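What follows is a set of notes on a single structure, which appears directly below.
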Amino acid sequence: MNDSPPLKHILEAALLAAGGPLSLDHMQTLFAPGSVPDKTALRGALAQLQQDYHGRGVELVEVGGGWRIQVPASMAPWVSRLWEEKPGRYSRALLETLAIIAYRQPVTRGEIEEIRGVSVSTSIMRTLQERGWVRTLGHRDVPGRPAMYGTTRAFLDHFNLKSLDQLPSLAELRDLDEIHPELDLKFPEDAAPEAKSPDGAVIGEDPQER
Amino acid sequence: MNDSPPLKHILEAALLAAGGPLSLDHMQTLFAPGSVPDKTALRGALAQLQQDYHGRGVELVEVGGGWRIQVPASMAPWVSRLWEEKPGRYSRALLETLAIIAYRQPVTRGEIEEIRGVSVSTSIMRTLQERGWVRTLGHRDVPGRPAMYGTTRAFLDHFNLKSLDQLPSLAELRDLDEIHPELDLKFPEDAAPEAKSPDGAVIGEDPQER
Amino acid sequence: MNEQLTAERMTPEEAVAVTSTVRVRGERLTELPRDLYIPPDALEVFLEAFEGPLDLLLYLIRRQNLDVRDIPIASITRQYMEYVELMKDLRLELAAEYLVMAAVLAEIKSRILLPRPVQAEEEDEDPRAELVRRLQEYERYKTAAENMDSLPRMGRDLFGASACSRGMEAGRREPEVSLQELLAALADVMARAEMFSHHHVQRETLSVRERMSQTLERLSADSFTQFHDLLRPEEGRRGIVVSFLALLELIKEALVELVQSEPFAPIYVRARA
């Protein structure tokens with residue numbers, strides 16, 4: 001054991017291999033009888049390690065269960081992406097709602113529902129607002145004082161637009177299937193069946209869809 | 001992102017938070033669009049980290065699944081005491097089966113049995129697959145359509161290998177006739193006959209031969 | 001290291017090193033096969049340590065420091081058969097492969113014993129060739145397995161390093177939407193709206209709509225804003241026209257109200273509460 005590595009490196013190895021806190025007592029059990037460092041020595045080595053880690057990607061902290069090497073909060077912007085889920089997809093209902101808000105703003109939820117023929121779920125409105133694409137502009141001065149919605153700067157930025165003007169006009173949109181045949185626009189008969197109940201009643205959205 | 005931490009510290013944090021290998025591609029996903037480092041930059045930062053770790057309680061290595069921070073074997077005397085249970089040993093049958101799959105892939109169970117001269121137990125094949133070291137690559141287009149097996153990235157990771165190339169090379173097969181000419185050797189110039197058959201032709205090591 | 005040896009890892013040589021008394025079916029084994037120096041008691045462990053007939057054969061050959069390519073077939077066959085008999089006696093699970101190998105050895109032996117015409121000798125392959133090839137083939141993988149076992153591996157020699165990153169839960173990545181998707185959605189809804197509802201989506205000047213939103217946002221219901229504050233001369237004539245149209249549209253939709261105390265006095269605008 002003459003060429004044993006420095007104590008702080010043994011502790012570094014053990015703490016990282018453990019992946020969680022180690023108490024001083026536990027650290028002592030790692031050493032062969034006769035070469036067990038006392039707690040003062042352990043504390044000294046840990047203090048050195050703490051210093052070594054200054055400004056690095058990890059830090060050494062004392063927690064209830066002992067000492068632990070952890071990733072500092074300043075690294076969260078990168079590290080949290082490690083476990084990021086793959087981006088999901090927005091539902092058709094959400095996209096339609098967004099499109100109507102973009103073209104008809106300021107517009108209330110009731111007006112959106114009237115155009116779409118189905119109710120607009122609260123979760124869709126919340127998602128659009130959380131995403132920062134839609135905001136409340138005020139309230140219409142009618143019974144119930146419904147909120148009026150419009151699009152935001154972030155909406156324009158996301159779609160790389162300088163202003164809403166750059167969106168094709170509704171008339172142009174009508175010819176969209178000629179411009180982009182690959183979009184395969186449907187005729188009403190083929191359109192999402194949710195929009196048509198036999199009696200024309202408004203059908204609620206699937207609460208699961210975002 | 002002006003005061004973003006140095007790239008190597010971000011990578012250090014991510015690798016330790018991941019607790020396993022990260023590919024360069026995966027590392028790139030940690031960065032916000034517009035500030036994604038290119039692979040040269042990543043490699044440079046990893047090389048710096050490798051240098052920083054020199055002589056410490058951890059090391060940075062490249063294995064099949066990407067880059068990994070690990071505790072080197074020199075620390076095993078202390079670190080292995082962290083766990084009460086010693087790691088299990090693998091039976092010879094398992095190791096031989098694994099070696100044949102590693103060196104001969106894609107290989108069927110029948111071929112493994114032919115080389116070993118005994119049947120391969122189902123439990124060994126299952127263990128190898130459950131550990132994620134071996135997987136089915138497809139089926140050989142012969143009667144019975146037997147599965148062909150190969151090793152995985154997890155196999156490389158477990159054995160600390162970057163690629164199959166890093167496995168120790170297989171012993172050469174030698175011809176039966178060589179033993180007799182060898183007895184006549186007198187001069188060193190005639191030595192190294194291993195690679196030669198009596199007629200001087202180099203005997204290739206054809207892995208397909210059989 | 002030794003105490004960690006298990007039966008499966010024990011090589012025949014190591015098994016030989018152990019000693020005590022051997023019993024077969026409760027009876028002392030009195031007659032051991034020739035050349036078979038077996039540590040009593042360890043016999044079973046020893047025999048089980050072989051990974052098959054090729055492994056056993058390799059052991060017999062290596063024990064005599066012979067080259068695989070120069071097998072003395074007669075003596076190896078005899079030794080092999082003795083082991084196989086012993087395995088039978090011990091009722092070890094004797095794989096059929098051991099018996100197949102016995103047959104192979106007997107066949108080779110008989111071919112070697114048969115006298116051959118001198119001329120034919122050169123063309124005839126050595127009857128041992130196939131066996132030698134198989135032994136070599138097996139041995140190289142046996143060695144490869146030993147090499148592989150000595151590679152540093154995770155959990156035994158190397159250990160994963162990880163640091164605590166609690167509190168850095170996965171952020172959810174927002175779905176991406178392309179402009180095309182958005183337009184396709186609108187085209188859909190328009191088609192439906194035209195067929196099914198009395199609502200008419202008219203051709204709109206989007207800049208007016210946009211300006212309506214912007215204007216509404218600037219206005220408050222609690223205080224008045226001067227009309228001319230809503231117009232931005234730096235936008236030029238078109239900008240002013242758009243702002244003005246937006247204001248008219250807002251008035252038409254009863255979203256804002258205008259107040260003017262007297263002719264030519266400043267016009268004030270406020271959102272309808």
Side-chain angles (χ1 to χ4, degrees), chain A residues 16-17 19-20 58 68-71 73 76 79-81 83-90 92 95-96 98-100 102-106 114-117 131 137-138 140-141 148 150-151 158-159 163-165 167-171 173-174 176-177 180 183 185-188 191-192 195-196 200, chain C residues 159-199 201-207 209-217 219-221 242 250 253-257 271-273:
Chain A
L16 287 173
V58 284
R68 174 173 81 191
I69 294 178
Q70 65 185 27
V71 176
V79 170
S80 63
R81 285 211 181 89
W83 301 284
E84 209 163 56
E85 300 160 28
K86 283 255 182 286
R89 289 182 63 83
Y90 286 133
R92 189 61 168 207
L95 293 177
E96 288 182 6
L98 178 60
I100 292 168
Y103 278 83
R104 297 284 303 187
Q105 59 190 294
E114 202 179 331
I115 296 172
R116 288 196 59 226
R131 183 75 199 253
L137 300 170
R140 205 181 278 287
D141 196 16
M148 292 181 296
T151 53
H158 182 88
F159 291 98
S163 74
L164 282 176
D165 262 358
L167 282 175
S169 72
L170 288 185
L173 211 54
R174 236 165 280 219
L176 198 64
D177 47 349
H180 303 290
L183 288 179
L185 297 179
K186 298 183 182 96
F187 288 104
K196 302 179 285 182
Chain C
F159 306 90
S162 59
C164 177
S165 55
R166 215 167 299 164
M168 298 188 187
E169 285 76 30
R172 199 175 53 209
R173 190 170 288 193
E174 301 288 1
E176 289 296 309
V177 180
S178 72
L179 188 55
Q180 258 187 9
E181 278 177 274
L182 187 67
L183 296 179
L186 186 67
D188 254 12
V189 76
M190 271 172 49
R192 285 210 311 273
E194 281 170 351
M195 292 292 288
F196 281 96
S197 83
H198 50 280
H199 193 103
V201 180
Q202 300 141 352
R203 186 185 169 125
E204 297 283 349
T205 318
L206 279 170
S207 51
R209 283 274 156 201
E210 186 174 33
R211 188 56 56 95
M212 283 166 72
S213 286
Q214 287 164 354
T215 307
L216 263 183
E217 207 183 17
L219 295 177
S220 123
V242 166
L250 288 170
E253 291 190 22
L255 293 173
V256 300
E257 58 185 340
R272 286 208 176 220

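Within every chain, numbering begins at 1; the chains are lettered A, B, ... in the order of the sequence lines, protein sequences first and strands thereafter. Just so you know, these numbers come straight off a predicted model, no measurement behind them.
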Starting at SG of C164(C), measure out to CD1 of I69(A) and round the result to the nearest 0.5 Å. 11.0 Å
CG (L167(A)) and CD (E210(C)) are apart, to the nearest 0.5 Å, by 9.0 Å
With a 4.5 angstrom heavy-atom cut-off, is it the side chain or the backbone of L216(C) that approaches chain A, or both, or neither? both
Of all of V58(A), V79(A), V71(A), which one pairs up most often with chain C through heavy atoms under 4.5 Å apart? V71(A)
At what distance, to the nearest 0.5 angstrom, does CD of Q214(C) lie from CD of Q105(A)? 8.5 Å
Look at G19(A), P106(A), G20(A) and state which one has the largest set of heavy-atom pairs under 4.5 Å with chain C. P106(A)
